[in-house]
Amino acid sequence: MGHLMERHLIKHVLDGDGPGVGDTVTVAGWVRTRRDSKGGFSFLELHDGSVFRSLQVVAPAELPNYHSEVLRLTIGSSVAVTGELVESPGAGQAVELRASEITVYGYADPEAYPLQKKRTSLERLREIAHLRPRTNTIGAVARVRNALAYATHRFYQERGFLYLHTPMITTSDAEGSGEMFQVTTLDLEALPRGAEGAVDYDEDFFGRRAYLTVSGQLEAESYALALDRVYTFGPTFRAENSNTRRHLAEFWMIEPEAAFFDLDDNARLAEDYLKYLTGYVLEHCEEDLAFFARWIDEGVLDRLTAVTERPFERITYTEAIEILQKADAAFEFPTTWGSDLQSEHEVYLAEQAFDRPVVVTDYPADIKAFYMRRNDDDTVAAMDVLVPGVGEIIGGSQREERLDVLADAIERHGLDPDLYWWYLDLRRFGTAPHSGFGLGFARMVAFATGMQNLRDVVPFPRTPRNAEF
RNA sequence: UCCGGGGUAGCUCAAUCGGCAGAGCAGCGGGCUGUUAACCCGUGUGUUGUGGGUUCGAGUCCCACCCCCGGAGCCA
């Protein structure tokens, strides 16, 4: 073969924006099926991940390795094919590749290869996460995920936000977002002990307890209060024993943080961002979305279109409680002012009450994090964005920029002010109003594809008792 | 972590009241020979999640544990 760098991606062959009918092309990829047809030759369906569709290859019996190799090709085998691109006489595809040379790189023993032509359940695919990107579904998820990541950078870069890398290791153990994974180089079989038997963390790598971060927000605030607008896009970790389709122990989050943004600016940014993402995948992932609409979630296109075109609903927490109290629905949890919104409440608001994304603002201070800006009443300038199907996809707030009020809040939440000396410094020196939010990227991928379980939209998901791959 | 449902052939599943564990798909052999989840004929497949118990006899009933799925909580 010799010229693999010059091969064509199947996407360009099928789109006709590369080689045309009559051209000689080389493609390479994996066999999805082989059909030995009624003319003494074979059809191969070849996919290379560049596009949803596969390319039909016609393999004539005259190929020197037809009997010895081509007839041994089964699903999962890898090949390179050179041939002439011709109009297809059959239905189902406009063009096909009439092979003049087929190089086999690797067979996939059909007795042992876990993927078959039949549909394999998503649960089963999780057990073979290293092979599942070869399936239609997971391949399409990967392309949509990539598009959403690219669109994220474009959105923020176009608006003057600076991409910031915040640390994955942190020593502040009270960012208020659940259990954290501890990071240590201590020998757990022989821990250094102090006088009273407590572990002596002075011996540890950082000289104190350290953890994997649950958020880059606090560090992002530091840069927002210097460079005006920043965003992070990186991994975060939660050691909660969460066993649901909406939680992962490791997930990526996008956290914009902007100086001189109030809560209203923040909510508008969140809405613009979500609309940009849905609009982007509608425009650039048509084939993949059509597959999801056909096999995964028939409402996905309407939902993405609605998000893109219709304004979000904007209500306060207090209004949300009033709506829930008047609702003709039996809720398991109370809907009294002061209690947090439960999943059933969020579902009701986003699906029954409004059937569109809902931004809920101004929650009771007692149920929200210490850094959220105190309003004149007992609420804080927090906001959650709830979307149909997924629930909470964004959580954010205007941050408390007043030194004395922030110090009070730290105290009230039972946190140690000494640990936040540098965070308080940001209010001590040139403080400014600022706001930000976090978007769970996997939840966004789920929302955009209609996939139900976050374990299927992350390449190698980490959940309690699961880190095989 | 709590509640509910599951774990049977490579995959998807069935198995009545406790009574010989069996279908489809895939694989393999043959036929057909421009197919599109190809089709037709033939063919093999088991530590029934693990350990214990009840019983003449357990996939089925009982106990413990492991794992998976869904819901809840925590949250993004």
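Just so it is clear, the structure is predicted and the values come from calculations on it, not from any experiment. Chain A is the first sequence line, chain B the second, and so forth, proteins listed ahead of strands; every chain is numbered from 1.
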My understanding is that only residues two or more places apart in sequence, or in another chain, count here; which of them pass side chain to side chain donor-acceptor pair (under 3.5 Å) with [X]?
| X | answer |
| --- | --- |
| A:Q398 | none |
| A:N266 | none |
| A:R159 | none |

Could you go over nucleotides 40-49 of chain B and give all protein N or O partners under 3.5 Å, atom names and distances?
none

Q) Cation-pi between A:R72 and A:Y107: NZ/CZ under 6.0 Å from ring centre and within 45° of the ring axis? A) yes
In whole angstrom, give the distance that lies between atom [atom1] of [X] and atom [atom2] of [N].
| X | N | atom1 | atom2 | answer |
| --- | --- | --- | --- | --- |
| A:R462 | B:rC75 | CZ | P | 24 Å |
| A:Q56 | B:rA37 | CD | P | 11 Å |
| A:E468 | B:rC66 | CD | P | 19 Å |
| A:F331 | B:rA72 | CZ | P | 13 Å |
| A:F251 | B:rA76 | CZ | P | 7 Å |
| A:M444 | B:rC75 | CE | C1' | 18 Å |
| A:F441 | B:rC75 | CZ | P | 23 Å |
| A:R246 | B:rG70 | CZ | P | 11 Å |

Work out how far the [atom1] atom of [N] is from that of [M], and round it to whole angstrom.
| N | M | atom1 | answer |
| --- | --- | --- | --- |
| B:rC61 | B:rG22 | C1' | 23 Å |
| B:rG49 | B:rG44 | C1' | 25 Å |
| B:rA38 | B:rC25 | C1' | 14 Å |
| B:rU45 | B:rG52 | C1' | 30 Å |
| B:rG29 | B:rU47 | C1' | 30 Å |
| B:rG10 | B:rG18 | C1' | 30 Å |
| B:rU50 | B:rU8 | C1' | 15 Å |
| B:rC39 | B:rU35 | C1' | 10 Å |

Q: Would you say whether A:F41 stacks on B:rG34? The test is a distance between ring centres of less than 5.5 Å and an angle between planes of less than 30°.
A: no
Q: Check whether any side-chain N or O of A:R245 sits under 4.0 Å from OP1 or OP2 of B:rG71, and answer yes or no.
A: yes
Q: Check whether any side-chain nitrogen or oxygen of A:R35 sits under 4.0 Å from OP1 or OP2 of B:rA38, and answer yes or no.
A: yes
Do side-chain atoms of [X] reach the backbone of [Y] as a donor and acceptor pair under 3.5 angstrom?
| X | Y | result |
| --- | --- | --- |
| A:R132 | A:T137 | no |
| A:T232 | A:G234 | no |
| A:T361 | A:M383 | no |
| A:R303 | A:F447 | yes |
| A:T74 | A:A108 | yes |

**Q.** Selection: residues 121-146 of chain A, any non-hydrogen atom under 4.0 Å of RNA chain B
**A.** A:S121, A:E123, A:R124, A:R126
**Q.** For A:F354, ring-ring contact (aromatic ring centres under 6.0 Å, His included) partners two or more places apart
**A.** none
For nucleotides 27-30 of chain B, which of its nitrogen or oxygen atoms have a protein nitrogen or oxygen under 3.5 Å away, and what is each distance?
| unit_1 | atom_1 | unit_2 | atom_2 | d |
| --- | --- | --- | --- | --- |
| B:rG27 | O2' | A:E111 | OE2 | 2.2 |

When we call it a touch if two heavy atoms are under 4.0 Å apart, what does [X] touch: a base, just sugar-phosphate, or nothing?
| X | result |
| --- | --- |
| A:G90 | base |
| A:Q93 | base |
| A:S88 | base |

Q. Does any pair with a residue in residues 335-352 of chain A pass side chain to side chain donor-acceptor pair (under 3.5 Å), and if so which ones, sequence neighbours excluded?
A. A:T318-A:W337
Between [options], which nucleotide has the shortest distance from any of its atoms to the side chain of [X]?
| X | options | answer |
| --- | --- | --- |
| A:R238 | B:rA72, B:rA76, B:rU35 | B:rA76 |
| A:R98 | B:rA76, B:rG34, B:rC75 | B:rG34 |
| A:L248 | B:rA76, B:rA38, B:rG73 | B:rA76 |
| A:R455 | B:rG34, B:rA76, B:rG70 | B:rG70 |

Q) Going 5' to 3' along nucleotides 1-9 of chain B, which nucleotides have protein heavy atoms under 4.0 Å from the base (write B), which only from the sugar-phosphate (write S), and which from neither (write -)? A) B--------
Q) What is the minimum heavy-atom distance between A:V385 and A:V359, and which atoms define it? A) CG2-CG2, 4.1 Å
Q.
Taking the basic N atoms (NZ, or NE/NH1/NH2) and the acidic carboxylate oxygens, is any pair closer than 4.0 Å for A:R53 and A:D15?
A. yes
Q) Are A:R268 and A:D265 ion-paired here, with the side-chain N under 4.0 Å from a carboxylate O? A) yes
Q | Residue closer to the 5' end of RNA chain B, A:E392 versus A:V347 (nearest nucleotide) | A | A:V347
Q. Toward the 5' end of RNA chain B, which comes first, A:N466 or A:R34, by nearest nucleotide?
A. A:R34
Q | Residue pairs involving residues 242-258 of chain A (criterion salt bridge (Lys or Arg N to Asp or Glu O under 4.0 Å); sequence neighbours excluded) | A | A:E257-A:R399
Q: To the nearest 0.5 Å, tell me how far A:L85 CG sits from A:L55 CG.
A: 7.5 Å
**Q.** CZ on A:F292 to CG on A:D297, rounded to 0.5 Å
**A.** 10.0 Å
**Q.** ring-ring contact (aromatic ring centres under 6.0 Å, His included) contacts in which one or both residues fall within residues 78-100 of chain A, not counting sequence neighbours
**A.** none
Q. Does the B:rU35 base have a donor-acceptor partner in the side chain of A:E45 within less than 3.5 Å?
A. no
Q) With no angle test and no hydrogens, is the base of B:rG70 tied to the side chain of A:Q452 by a donor-acceptor pair under 3.5 Å? A) no
Q: Could you give me the stems involving RNA chain B, meaning stretches of three or more consecutive Watson-Crick or G-U wobble pairs whose two defining distances are both below 3.5 Å?
A: B:1-7 with B:66-72, B:10-13 with B:22-25, B:27-31 with B:39-43, B:49-53 with B:61-65
Q) Of the options A:F233, A:F441, A:F237, which is the one that meets A:W252 in a ring-ring contact (aromatic ring centres under 6.0 Å, His included)? A) A:F233
